[in-house]
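We name chains A, B, ... by the order of the sequence lines, and we start the count at 1 in each one.
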Amino acid sequence: MTKETFFHCLELLRAEYSKWDAPAKRFENAYRRTPYTILISTLLSFQTRDEMTLEAGKRLFALADTPEAMLRLSEEKIAETIYPVGFWRKKAASVRHVSRELLERHKGEVPSTLRELIELKGVGPKTAKIVLENAFGAEVAAVDTHVHRLVNLLGFVRSRSPEETDRILERELLPEERKGLNRLLVSFGQVICRPRHPDCDRCPLKECCPASQSRSS
DNA sequence: AAAACGGGGGC
DNA sequence: GCCCCAGTTTT
């Protein structure tokens, strides 16, 4: 698929974007939508479904929505609050550790550069990019499994891993061309073009989807 | 029973 | 780059 065709598809998606803005939904209920709550929400979200993350975040941020307040909670308290997200034990420790690092090294503020974010223990490249994208509006290619799967499905790139896709997109697309691309594709992958049961009936890409022929529902 | 979920760290 | 880690919901 050529770049032009790819962008045409993105336009089709963008036209109905407001109907499936799942990432925005993930953070809008986060008690107060701040870089800190976004960072913590993202830490909680890995290997866990959105609904669980949302509920856990709501309960946790009702108790503490700043690093100072979070450190006043014991690790056990945090753990029992965020249950039943996956890996709750590890995540509770991570939430507390990151909060302490923010206070000690960043005056309690969430840093806004990739390098500083990754230096926080428990924050890797994926989490860091998601935070940059959602908390600071950075146009980064935060390629996750959805984005990786979709650009390969459409045939825009051919790669084996999300990391490789990430590098290709950063190389092939100018920053302004990446604008909004990630949130668009993640939402699309979560709501319409799901891995297992794609909702092809509601799909705005029916016409240009290479796989539409081999699918029934 | 198996898949699915926007990983990270240590080496 | 490779391997290990760890848990819950949904199907």
Nucleotide C:dA6, atom C1' - distance to CG of A:Leu44 in whole Å: 15 Å
Salt bridge A:Arg105-A:Glu116, side-chain N to carboxylate O under 4.0 Å: no
Ion pair present between A:Arg167 and A:Glu170, side-chain N to carboxylate O less than 4.0 angstrom? no
If we take the P atom in both C:dT11 and B:dG6, what is their distance in whole Å? 14 Å
With distance as the sole criterion, is a donor-acceptor pair present between the side chains of A:Thr48 and A:Thr53 under 3.5 Å? no
Output the rounded distance in Å from CD1 (A:Ile82) to P (C:dT8). 11 Å
Does a side-chain N-to-carboxylate-O contact under 4.0 Å join A:Glu75 and A:Arg96? no
When the C1' atoms of B:dC5 and C:dC5 are compared, how many Å lie between them, rounded to an integer? 16 Å
Only pairs with both distances under 3.5 Å count, Watson-Crick or wobble alike; so what is the partner of B:dG6 in this structure? none
For atom CZ of A:Arg89 and atom P of C:dG7, their distance in whole Å: 6 Å
B/S/- contact track for nucleotides 2-11 of chain B, protein heavy atom under 4.0 Å: -SSBBBSS--
Under 30°, 30 to 60°, or over 60°: which ring-plane class applies to A:Tyr83 and A:Trp88, parallel, tilted or perpendicular? perpendicular
Figure out the CH2/P separation between A:Trp88 and C:dA6, and round it to whole Å. 12 Å
Using the P atom as the point on both nucleotides, what is the distance between C:dA6 and B:dC11, in whole Å? 16 Å
A:Asp166 and salt bridge (charged side-chain N to carboxylate O under 4.0 Å, His left out): which partner among A:Lys129, A:Lys126, A:Arg171, A:Arg178? A:Lys129
